[in-house]
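Residue numbers begin at 1 in each chain, while the letters A, B, ... track the order of the sequences. Values in this document were obtained by computation on a predicted structure and should not be read as measured data.
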Amino acid sequence: MPSPRSRPIHPWPLRLMHWLNALAILTMIGSGWQIYNAAPIFPFSFPTSITIGQWLGAAIAWHLAAMWLLVLNGIAYLAWGVVSGHFRRKLVPPTPRALWRDAMLALRLRLDHRHGVYNAVQRALYLGVIALGVLAVLSGLAVWKPVQLWWLSDVFGGFRASRVVHFLAMAGIVGFLAVHLALVALVPRVLWPMIGGGAAAEDVP
Amino acid sequence: MNKLSERRALLGRALAFGALGALTGCDYDHPHHPDLADRALRAMSSWNDRVQAALFDPATLAPTYRPDQITRPPRFNAYYDLDQVRVVDGASWKLDLFGAVAEKRPWRLTELRAAPQENQITRLICVEGWRVIGQWGGVPLHWFLRRIGADLRARYVSVRCADGYYSSIDMASALHPQTILALDFLGRPLTPPFGFPVRLRIPTKLGFKNPKSLVALGVTNVDPGGYWEDQGYNWFSGS
């Protein structure tokens with residue numbers, strides 16, 4: 001056993017950025033649904049009881065305010081993840097074999113949770129949602145600035161295609177949130193370390 | 001759907017987003033009685049105005065399209081329904097000029113027709129998220145502003161409309177080569193629903209910054225706001 005150095009499972013910068021991101025992403029999704037409702041691209045609208053901003057102008061104001069929190073916090077997270085070694089230590093892309101093995105275990109509810117160590121399914125989900133976040137920001141910029149950022153708009157295939165990509169990125173993030181929250185509900189003891197930091201039972205090499 | 005009635009229908013509806021819901025409870029409902037969230041959102045919107053002004057490149061043109069890409073039939077949109085469109089008499093119509101302008105003599109439609117004309121097939125993106133492609137023709141605003149001796153160092157170009165609508169744009173966008181005082185739409189003179197006799201056409205901004213049926217145009221350093229802008233839409237609203 002390694003020496004029992006007291007080291008939090010989630011260091012404070014990660015906890016702070018996690019909750020700032022939660023605030024930003026929920027505001028972006030809620031206000032985004034209200035904006036979507038003004039000109040739906042699919043044959044449905046979101047119930048206004050779960051949207052943010054009571055009319056289009058308010059929803060846009062929330063969306064274009066929260067985007068700064070989302071983007072600045074996201075950049076801080078990516079920079080911290082690289083500099084601190086967090087990505088290198090904890091978010092190594094899983095091999096397909098490891099992902100398959102852990103996914104099968106997870107579906108049979110036999111996947112053990114070890115505090116401070118991400119299994120292959122977790123790593124795939126976290127890397128996936130980071131990629132979706134980047135995609136949501138870039139496609140959102142393309143929707144916001146299709147003239148000044150015409151090259152970005154072209155990357156996504158124009159204004160209307162950018163809206164579709166932006167929507168699908170949101171849908172993917174909402175799907176992640178559903179799994180993320182379901183797992184927290186199944187294993188509630190993982191919640192506290194994200195608030196108070198927690199102490200790793202065994203040190204992580 | 002009529003924007004005003006849509007908005008009214010949404011007023012007073014409870015939000016179910018916990019703490020966020022409490023924060024957003026009063027957002028932008030009463031523009032003259034802002035709560036804390038409103039003040040924060042206004043401050044962020046002003047910040048976004050500055051960011052967009054910095055991002056605006058006078059040399060970047062809005063994309064242009066082929067005639068076969070034009071949206072037909074064209075889509076009407078206003079803060080009222082089609083049957084409430086105000087019909088302007090072209091013969092007696094004049095464009096009043098105000099503010100930092102050397103020659104304040106009003107302009108008649110025939111004089112605008114005799115001015116240099118610019119044609120464009122461009123995209124109009126509505127703040128609601130839909131877009132249409134149309135063909136507009138008319139007098140480049142940069143030519144008009146120079147012709148009337150406008151102070152081109154002033155910050156705003158302000159316009160007022162026959163239906164009570166009003167709006168304003170920044171001088172840099174006003175001087176953009178694709179910003180025109182449109183007289184024609186789809187190769188013919190504008191019809192009342194689309195802004196007869198003159199519409200400000202600016203493809204580098206959202207649709208609501210393209211006011212129809214202008215009756216007055218001025219240049220000023222005092223923020224003139226706008227019909228939707230004063231209710232909370234972002235003022236710059238550049239594309």
Side-chain angles (χ1 to χ4, degrees), chain A residues 19 22-41 45-69 71 141-154 158-164 166-167, chain B residues 1 3-4 6-21 23-29 31 37-38 40-45 47-48 51-52 55-57 60-63 122-123 125-131 176 178 203-206 228-229 231-234 237-239:
Chain A
W19 292 111
L23 181 70
I25 205 81
L26 287 179
T27 307
M28 292 306 274
I29 291 171
S31 56
W33 287 349
Q34 177 77 299
I35 295 168
Y36 167 93
N37 283 353
I41 45 179
S45 294
F46 294 96
T48 48
S49 56
I50 56 166
T51 60
I52 291 175
Q54 297 189 354
W55 66 292
L56 178 59
I60 293 173
W62 278 107
H63 209 68
L64 298 187
M67 74 174 178
W68 289 100
L69 179 61
V71 169
L141 286 173
V143 171
W144 189 39
K145 291 276 156 267
V147 174
Q148 299 305 328
L149 305 181
W150 56 269
W151 44 272
L152 190 59
S153 181
D154 283 357
F159 176 74
R160 291 188 296 189
S162 303
R163 277 195 75 197
V164 175
H166 196 55
F167 183 96
Chain B
M1 193 172 170
K3 281 180 181 171
L4 203 61
E6 187 176 20
R7 191 194 151 192
R8 282 191 180 138
L10 292 173
L11 291 185
R13 287 199 187 164
L15 286 162
F17 236 103
L20 279 174
L23 267 177
T24 61
C26 304
D27 58 342
Y28 281 33
D29 284 350
D38 291 347
L41 292 177
R42 290 268 176 195
M44 285 307 292
S45 193
W47 162 248
N48 281 330
V51 170
Q52 291 175 95
L55 198 61
F56 178 80
D57 176 5
T60 298
L61 296 181
T122 47
R123 175 182 62 188
I125 296 175
C126 180
V127 66
E128 293 174 341
W130 48 268
R131 72 103 167 105
H176 187 271
Q178 289 174 312
T204 53
K205 287 190 187 292
L206 293 177
W228 285 113
E229 295 89 328
Q231 296 178 57
Y233 278 155
N234 173 256
S237 284
S239 279

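The aromatic rings of A/Trp33 and A/Phe46 lie parallel to each other, their planes meeting at an angle below 30°, with 60° marking the opposite boundary.
Scored by the side chain to side chain donor-acceptor pair (under 3.5 Å) test, B/Gln178 finds no partners at all (sequence neighbours excluded). Residues satisfying the side-chain contact (heavy atoms from CB on, under 4.5 Å) criterion with B/Leu55, sequence neighbours excluded, are A/Lys145, A/Gln148.
The contact between B/Ser239 and chain A is made by backbone and side chain atoms together, counting heavy-atom distances below 4.5 Å. Using a 4.5 Å cut-off between heavy atoms, A/Trp144 touches chain B through backbone and side chain atoms alike. With a 4.5 Å cut-off on non-hydrogen atoms, A/Ile35 touches chain B through its backbone but not through its side chain.
Options A/Ser153, A/Pro146, A/Ala66 differ in how many heavy-atom pairs under 4.5 Å they form with chain B, and the most are formed by A/Pro146. Interface check for chain A: of the options B/Asp57, B/Thr204, B/Leu61, the most heavy-atom pairs under 4.5 Å are formed by B/Asp57.
Among all heavy-atom pairs drawn from A/Trp62 and A/Gly53, the shortest one is CD1-CA, 4.1 Å.
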Practice item. Walk me through it: do A/Tyr36 and A/Thr51 pass the test side-chain contact (heavy atoms from CB on, under 4.5 Å)? Key: CA-CA 10 Å; A/Tyr36 167 93; A/Thr51 60; over 6 Å; no
